[in-house]
Structure formats: C-alpha cells, structure tokens
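Working notes, structure below.
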Amino acid sequence: MSSYELPKTYDFNETEERIYAMWEAGGYFQPHNDPNRPGFDPNVKPFVISIPPPNVTGELHTGHAIFVSLEDLMIRYHRMKGYSTLWVPGTDHAGIATQLMVERQLIKEGSRRETVGREEFLRRTWQWKEEKGGKITRQIRRLGASCDWTRERFTMDEGLTRAVREAFVRLYEAGKIYRGPRLINWSPGLKTAVSDLEVIYAEEPGTLYYFKYMLAGSQAFIPVATTRPETILGDTAVAVHPDDERYQQYIGKMVVVPILGREIPVIADEYVTRDFGSGALKITPGHDPNDYEIGHRHGLAMISILDKEARVNENGGPYAGLDRFEARKKLWGDMQAAGLVLKEEPYTLNVPRSERGGEIIEPMISEQWFVEIREQAEKGLTAVKNGEIKIVPEHFEKVYFNWLENIQDWCISRQLWWGHRIPVWYCAECGQQTCARQDPTACAHCGSDKIEQDPDVLDTWFSSALWPFSTLGWPEETPDFKYFYPTSYMETGYDILFFWVARMIMGGLEFTGQAPFKTVYLHGLVRDEHGQKMSKTKGNVVDPLLVMDELGTDALRFTLLVGSTPGKDTNLSLKKVESNRNFANKLWNIGRLVINAVSAQENAPATQADWTLADSWIWARVQNLVRDVERMFQNFQYGQAGQMIYDFVWSDFADWYLEIAKQQLAEGGPRAWQTAETLLRVFDISLRLLHPFTPFVTEEIWGHLRRATHQSHLKSLVAGWPEVLMIARWPEIRAEQGWEAQKVANFGLVQDVIRAIRNLRAEKSVKPGLKLPAIIVDASGLMKQEARTIAALSNLDDSRLSILDSLDSKPANHLGLVAGPIEIFLPLAELVDPAEDRARLARELAEAESQIARLENLLASDFANKAPAPLVQKEREKLAVYKESAGKIKAQLG
RNA sequence: GGGCGCGUAGCUCAGUUGGUUAGAGCGCCUCGCUUACACCGAGGAGGUCAGGGGUUCGAGUCCCUUCGCGCCCACCA
C-alpha cells in the first residue's frame, strides 16, 4: 500500500518562491501558441493584457498589488480556458518623477543638473534606472504575476522609442501636431509645462484685494478685485459687463495701470459677473486662462511678466527680479502708499498646484508643442458608443464621454531632459523645421547643416498612449503584433482613465486603425481598513511586501480580489488578510485529509458502490458552483465568484461533506473507494476554480494531490492531469447521474435534522462527548437510510437509535423536536424543566404558524396568478411543510 | 457650476436581467484541543437595507424626492 503524507503545516514563504521559479522555468508564462515558434496555429484564440507599466523607479504599493491580482486572475482564468494568453510586462520611464529623483541625488552631492549638463545627466539617469529599475518587477513577480518576462518592455527601450518617433512623425506630417505660443500651466519648480491633468486644485485660505483703477486724467476710478495683485503688472485691459450701469460710461476710456503708469482700455465683455467682487475685472491675458480668452476676443496685448522661475521680468518695471510672491507684497504696499488700495477681505481660493512638485502652478504663455486632438477624440467617443470598446463598470462610460467631449488640445512638450526627445530640428539658416524618422544631418528645406534639435522631450503619456501596440512591435508588422493585437482587456485604476486609457484608445485608433483593446476594466483605489486614503503622513500605509511576508501572497491576493467590486474603492484590512491566510491553511488541511483518503485505498473493489446522498449532494453543489462561477467571471464579478468558492469549500465541502466522508471512509470496501474518488474529484475542481485567486497554495496542494493519487490505486483518475495546475483545464459542468434536485432537497432535510439535534444539545448543555439515544419518526424512509450520518454528525448513539415510520404517542421522558416533517425524540426530559420545554415548543409553533399565515396570505394574493408558476409551486410546498410541522408540534404539546 | 458614486449587523463590506424568512469576514456570547485543521469545530445574539413617496402580485435591487458622505470635471476675478 502506498502512503503519501503532507507536512502538518503549510509554509507559504518557502512554497511561493519555489512554485514561482518552477512556473517560470517551465515556460508556462509564455503563450502556448506563439507566433514566433514552429507549430503556430493562427486559429487558436489569443487573450492579451498589457500591464499598466509601473514607474521604473517605483516601489511596490497596494495599487500595484490590486492590479497584479486582477490581471493575473484574468490571465490565469483564460489560460485555463485554453486561450493562448499573453501578459506583456514592462515599466515606464516616468519623466518627471525619475528626473526629480536623480536631481535630488545631484543636489545631495552639491551639484545640479545644469552643472553636469544634459549628456552627463542622462547617463546618470540611465545608470539610476539600471540600478533601481529592476526592483519593481521583482516585487511584481512576488505577487505571482504570470507575465511573459521574455517580452518585458521599457518605454525608452529601442523599439518603443522607434514607435514614439513614428507616431510623432505621422502626426506631424498629417498636420495634427503644431507648435506655438499658448497659455499653458507652468511649474516654476520643475521649470516645465505640465498638462491640465497634472494640476491639482485645492481650496486654501487667501485674500481678495480691492483697489482703484484710475481713469486716465481723472479722479474717477473703477474698483477692481483680484486674488493675485502681482498680475496687475501684466494687465492689458479692465473689463466690465456691457449692461452694467455703474461702469457703462467708462467703456472705451483708458485707465492707468498702478505704479507702472501704462494706459489700458476699459472693455465690455459678457464674461464679467456683475455681482462678484466689484463687478469689474482686470484682464491679464498673459497669466490667466479666462483673461487669455478675453484677450483674444478683444485683440489685447499679452504681456508676460514672469520668467521661468516665476520671478518678475523686465516687464515688471521696478519689481523686476522679485519672486512673484515678494512682488505681490511690495506692489500692494506701494499701491497702499499711493492711495490706490480700497480694502482686503479674506477669501477662499482654489489654488492650482503641481501634482509632482506641489508648488503653485503659474499660467504662462510659452512656446510648446500641441496635438490637435478633436478628431481623435471623436473617434474615441464613437468606439465606446458603438460598443467596440466596453467599459466595466459601465457608468464610467459617461465620465469618459464627458471628458472627451470637452477635451482641449494636448500640450505634449516638457522642458525636461529625461524622456523622448522631440524629433524636430530647427535650421539656423532658413529658420524652417525638419521632422524626421531618422536623425537628420541637414535641413530638409535648404540643406544647411546648421540645424539643432528641439531641446524638449515629450510628455510621458505620449509613449504610454502607444503601449498596447508599441510593446508588440509596432510599427513593424511583427508576428506578435499581427497575432496578439488588438489586446483583450485593459485593466487599470479609474484614476488614470483620462491620463492613459482615453489616450490609448485615441492612439490605437489613430495609429493602428483599431481599438487597442475590447474591454476596459477599472478597479478602485485601495484604502485602509476604515476607508481612509493611504498616505505616509497619516501613517496608514499598508506595505504589501510585509503583508506577503507575514500572511502570504495568496491571502493578500484573495483579500484584494474578494473585497473589490469593479470601479469601487477597496478597504484593505489586515484582519481580512488574516482570515484569508486561514483559508489557505484550511485548503492545506483539506488536502491532507483527501490525500490520506486517497492513499489509503487498496485495490479497486470488485463491485462499485452507489453514490450516497451526501455524494450526490456535494457533486450537485460543486456543479452548480462551476456554473455560477463561470457566469460571474463572464460578468467581471470576480469578487463574488471568489466569495462563492470560499463558501463552498469551507461550509459545504469541509464542514459537511468531509465529516460525512470520514464515516463513509471508515466503512471500507467499495464505499470507501467511492468516497475517496468523490473527495478527489470535488477537491480537484475546487482547486482549479480557486487557482486564479490563490495560485500558490492551490498549485502546491494540487501537485501533492496529483502525485499522491498517481502513486495510489486511484491513479486512473489523474491520467489526464498536466504537470502543473496553472495549465490544467478550467472545470466544465459534467452531467453525471445521481445529483438531481430531489437529492439536494433530501440532503437539506438531513441537515435540518442534524442541526435541530445539535441546537438542542447546545441549548440544554448536553455534554459534547455524551452519545444520546434517540427516536426519529419519519415515514419516508429517508432518515432510516441516513441514520448513520445523522448519528455521527449529531453525536447520537448509533446502537440505540430507533427510526420509526410512525408513533402513536409521545414517548415518556423525552424531549420532542420537529424538523420539517420529521420528529425527533431525545431522552432528556429529566434534564430540563418541562414547563420551559413546553414554552420552547410553543415558540416553535408560533413561528410555524406565522409562516403559515404569511404564506397563506401570499398565495391568496395576486402572487398566485401573476408570479411564475414554479415560484408559486415552491411557496405551496413550503406551506405544506410548515403545516405538517405545526401539526406535529401541536401533537407534542398535547 | 456640471457630472458620478455611496449610505445594508458593533466594524469593514458583498448582494447585475426585481422573486423565499437579506449574507460574509472580523468582533461579541455559550460550549468543545473527537486521529485534516484551535490559522479549528458546534451553537447563539445582532439589521424597520439613511428618510419619504411611487411603479409592481412582489423592491436592498427600478423611478422621483429629502438628508448625510465621498469623488471627478470645470475654475468667478
């Protein structure tokens, strides 16, 4: 006889590392149908996800943990379904973030990027990337990510750089890219333009300053309010509402800019709100987006008063050289002295700050590159509207539409060094631009070699927009690109729907003519256990690496997956991770029992045992589970699917079936053999269903199960199993005889009887070890058939258990119980107060009667006519059962 | 200003074509270390599903509305 034993405890740390190495070495992360290898079959369906590339210098946080968990689940599920799956990993160069880190390092060394120069700076940044860059991908492996690491990409590697270049040149040639002075968001700290999305607005206390705009050559003035007095230096008009009677008389006249003495016109514009502030608005087209618009409408001059570090420039007269906030103070002081100040009042400002640097963003006019986006946006809208792309959850489609409908041209140039250099050269001779796929040596217009490349780089998101296809070889028509593109799901956080998802959709449609993916699945933010956003200052950051160390990767993954609903934020509580660690442990122990059972079986018995009621029931349950899980996966309800499997495994399989199986195994012979088979088959299905959630523990147990069974006499059952669970087939519903609904209902009745007895024992504090005799009254024969199970699970004395078809009167000195149509009598009367016991029965009767009343009412209502017939029938049956119970209880009460 | 989401047991949350007596984990109470598991087992307490109205035979689920909370977009000086 063979025996195979598992260690008593599950060591997840050791296991996870070993299993991951085994998977990777086995090549299981690569698509089984690879277009670059012989034997490729173009008809096998691919399933592809491009990883949302983490910042190359990043550290693993819970945001990574949730996306890896979800994407790995999607990938593993499809892999088991037989798709040729590819999950493309990679990292993002993250322009600003990475550049900042290297700059900080330089500052520590007492240097700056301007000192070391562009070339040296880039060398150091690449060095930084090589040193620190691998960390995040190692940490992602730790989460169990089954990415194809042989296809790993980096947004600045050679192929992707070519893709970026191609994309830029195509847009340029199509006239969809332009350069020009525009009002943009300037980050004085980073000294670069940033996009609208990179500006964060925050309410902060501030001041509203009221002052006089004196009319030229007059003592009359127009009162004006501003929150940023220093911008007075750049004013080129004062605007009033055309219908405002207070100021109508001044329209067309000139007013004098304080201190500077410039004369500027009073103009009329309906943009002005009459009842806000003083009802008159100073116009600074060079430093305010709204004023910029108004300035355009009225043909006003645009004066820039700040330099790149937000210091006042030569246009600021006496304030030149001052920082913008010093200038504000000084100017206001001077105006006070000049008698131009009216008042100050406290005012809550909505201050724009740089997402990265945190300093106040300054709107400035600057020469930048833009992508004309409206046409792309239209296509992006259509793709979602016509269902070519589906967004999960659906309500984010509205958010997506809203953004695209109001989109502005995209400022793609950044005054940084780390990133993709803009492929445009300026000619010193003829002044023309040359934009080319290959670095030019001469001007394309005049042939002069006095050309110089634009110093700016592209917004990081420009390369991200190409990610789903650039990683597959585009613009080359590589075998990967042809087979794997478009990709299947795009799974990412809703916070980058605009930054990234929308831009990828537009990019995909623009450059490949196809939507880059079919489904967008958006997950929420991971918050702490009380729903608070995690932040270092609050100190509530959960480090996924520590959680994995302590409780295991499977526990972390399962927690994130089960706790999350598409598009909704998830609260991560360590308590939950702990209970899911317990679940992994439970699986392990189920595995031990099943393996013991399998190993214990001798040669196959001559006759085969029929399924017991419990066998039929558990098989029915697991088949229903397969069906439900499949449906939920189709609907992206991963959390619910996981919960359902968890409940099945713990409540049905472990708590009920395993307890009964122990009895059946003890019977030996064909019964034990048959039970071992059932245990193995049901557990196998459970492990397969669970594998996308908790890959490590399921892989490990399954391996043991497979080997143990292989060494046992049951080995024929594992004949078709592959080497590893991760490529085993996803379970399908199997039509076996013997698990029809009636058996499920019958088992339910057995459970009710067992629960009733357990309940009474607990209530009456019967010693747990005491095996009670009992009389069970059941005309159907079911209880007779299940006597052993009932006795074992409710701890009755098997040898003193009598099951009768009927009973004339209640046996003396017994307590009576009613479970549905079944009566149970336990010889406990002397242990308890008879009055108390009558009260108990009376309560049960009252409950049954109220149910009878409820159901009779229901069935007398329109429900009986209008509800679906099976539903009505079900209620009728229930009513009958309650009536039967009530009758029995009444009889017992006498 | 525009849009979106949420309010279900003490805590954190599930609950998708509307269909029994609304679930889970944690916490709490009572028992029990029986040869898979005390990272466990058995039993139990705890909810007028934010309030009001409507549609329906039937509403946590759909519609309207009030209150409270959160988020996104826009950025009135």
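Only this structure's heavy atoms are used, side chains among them; waters, hydrogens and symmetry mates stay out. Chain letters run A, B, ... following the sequence lines, proteins first and then strands; every chain starts at 1.
Salt bridge annotation for A:R297-A:E270: absent, with no cationic side-chain nitrogen under 4.0 angstrom from a carboxylate oxygen. Using a 4.0 Å cut-off between a side-chain N of Lys or Arg and a carboxylate O of Asp or Glu, A:E847 and A:R843 do not qualify as a salt bridge.
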Revision key, fill the gap. Contact string for nucleotides 68-77 of chain B, one letter per nucleotide 5' to 3', B = base within protein heavy-atom range under 4.0 Å, S = sugar-phosphate only, - = neither, reads ----SSBBBB

**Study point:** Heavy-atom protein contacts under 4.0 Å, nucleotides 35-44 of chain B, coded B base, S sugar-phosphate only, - none
**Key:** -BB-BSSSSS

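Partners of A:F648 according to the ring-ring contact (aromatic ring centres under 6.0 Å, His included) rule, which considers only residues two or more places apart in sequence or in another chain, do not exist here. For A:T9, the side-chain contact (heavy atoms from CB on, under 4.5 Å) test picks out no residue, with sequence neighbours left out. A:K874 meets the side-chain contact (heavy atoms from CB on, under 4.5 Å) test with no other residue; sequence neighbours excluded. By the side chain to side chain donor-acceptor pair (under 3.5 Å) test, A:H298 pairs with A:D269, sequence neighbours left out. Listed by chain and residue number, A:W332, A:M335, A:Q336 satisfy the side-chain contact (heavy atoms from CB on, under 4.5 Å) test with A:V341 (two or more places apart in sequence, or in another chain). Not a single side chain to side chain donor-acceptor pair (under 3.5 Å) links A:D798 to another residue, sequence neighbours left out. A:Y247 is linked by a ring-ring contact (aromatic ring centres under 6.0 Å, His included) to nothing, counting only residues two or more places apart in sequence or in another chain.
Shown here, B:G43 forms a base pair with B:C29; the pair counts as Watson-Crick or G-U wobble because both key distances fall under 3.5 Å. Using the Watson-Crick or G-U wobble rule with both distances under 3.5 Å, B:U17 pairs with nothing in any strand shown. Figure legend. B:G58 is base-paired to no nucleotide; pairs are counted as Watson-Crick or G-U wobble with both atom distances under 3.5 Å. In this structure B:C69 sits in a base pair with B:G5, meeting the Watson-Crick or G-U test at under 3.5 Å.
Base contact: A:K576 has a heavy atom under 4.0 Å from a base atom. Looking at heavy-atom distances under 4.0 Å, A:P352 makes no contact with the nucleic acid at all.
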Pairs under 3.5 angstrom only: tabulate donor-acceptor contacts from the side chains of residues 861-870 of chain A to other protein residues two or more places apart or in another chain.
| unit_1 | atom_1 | unit_2 | atom_2 | d |
| --- | --- | --- | --- | --- |
| A:S861 | OG | A:L858 | O | 2.6 |
| A:S861 | OG | A:F863 | N | 3.1 |
| A:D862 | OD1 | A:N865 | ND2 | 3.3 |

Contacts under 3.5 Å, N or O only, protein and nucleotides 46-49 of chain B:
none

Distances under 3.5 Å only, N/O to N/O: pair up the protein atoms with those of nucleotides 5-11 of chain B.
none

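Annotation: of the two residues near RNA chain B, A:G531 and A:E847, the 5′-most nearest-nucleotide partner is A:G531.
Note on ring orientation: taking the six-membered ring where Trp is involved, the planes of A:F558 and A:F693 are perpendicular (angle over 60°, cut-offs 30° and 60°).
Between A:T565 and the phosphate of B:A14, there is a side-chain N or O to OP1/OP2 separation shorter than 4.0 Å. In terms of phosphate contacts, A:K575 brings no side-chain nitrogen or oxygen within less than 4.0 Å of OP1 or OP2 of B:C26.
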